[in-house]
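Report on the following structure.
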Amino acid sequence: MMDWDLGAQAQLTSRRYDDVTNTNKLGGYALYSLDASRKVSSELSVLAKVSNLSNHVYQTALNYNTEPRTVFVGMRWTPSR
C-alpha cells in the first residue's frame, strides 16, 4: 500500500498563427510536467505535481501571459463507503 504512482506529461506545439490573416506568428514550444502520489492510508493520499518543468516562456495566444514553473503539493481524502 506504500507504493508511489508516478507520471510524466509532454505537450508539444508547433509554430502557428494567432490571427485570420496569418500575420501574427507564434513560436512552437514544448512543456513537460511530472507528478507523483502515494497512499498513506486506505482513505488518504499525498500528491505532488511540477508543471512547466523547464520554466519555459511561451505564448498560447499573442501577448497572453502563461504560468512559469509551478509546484503543487496536496492531500486527497477518499472516504470509504
Using a 3.5 Å distance criterion without hydrogens, assess whether the side chain of Arg16 forms a donor-acceptor pair with backbone atoms of Lys25.
no
I'd like to check the ring pair (Phe, Tyr, Trp, His ring centres under 6.0 Å) partners of Tyr17; sequence neighbours left out, ordered by chain and number.
none
Answer yes or no: are there more than 12 heavy-atom neighbours, outside Arg76 itself, under 6.0 Å from its atom CZ?
no
Value for CG (Leu31) from CD (Glu67), rounded to nearest 0.5 Å, stands at 11.0 Å
Asp35 side-chain N/O to Ala48 backbone N/O, donor-acceptor pair under 3.5 Å:
no
Keeping the roles fixed (side chain from Asn55, backbone from Arg69), state whether a donor-acceptor pair exists under 3.5 Å.
yes
Interatomic distance, Lys39 atom NZ to Ser45 atom OG [nearest 0.5 angstrom]:
5.0 Å
Do Asp18 and Gln59 get their side chains close enough for a donor-acceptor pair, meaning under 3.5 Å?
no
Among side-chain atoms of Thr78 and Glu43, is any donor-acceptor pair under 3.5 angstrom?
no
Any chance you could measure Leu6, atom CG, to Ser37, atom OG, to the nearest 0.5 Å?
8.0 Å
Taking atom OG1 of Thr66 and atom CG of Asn52, what is their separation to the nearest 0.5 Å?
7.0 Å
Minimum heavy-atom distance between Leu26 and Ala61, given as atom pair plus value
CD1-CA, 3.9 Å
Mind checking the CG-CD spacing from Leu53 to Gln9? Nearest 0.5 Å is all I need.
10.5 Å
Minimum heavy-atom separation for Met75 to Val46, with atom names?
CG-CG1, 4.2 Å
Taking ring pair (Phe, Tyr, Trp, His ring centres under 6.0 Å) as the cut-off, I'd like each qualifying pair that reaches into residues 50-81, sequence neighbours left out, listed once.
Tyr29-Tyr58
Looking only at heavy atoms, the pair that brings Ser33 and Ser51 closest together is OG-CA, 3.4 Å
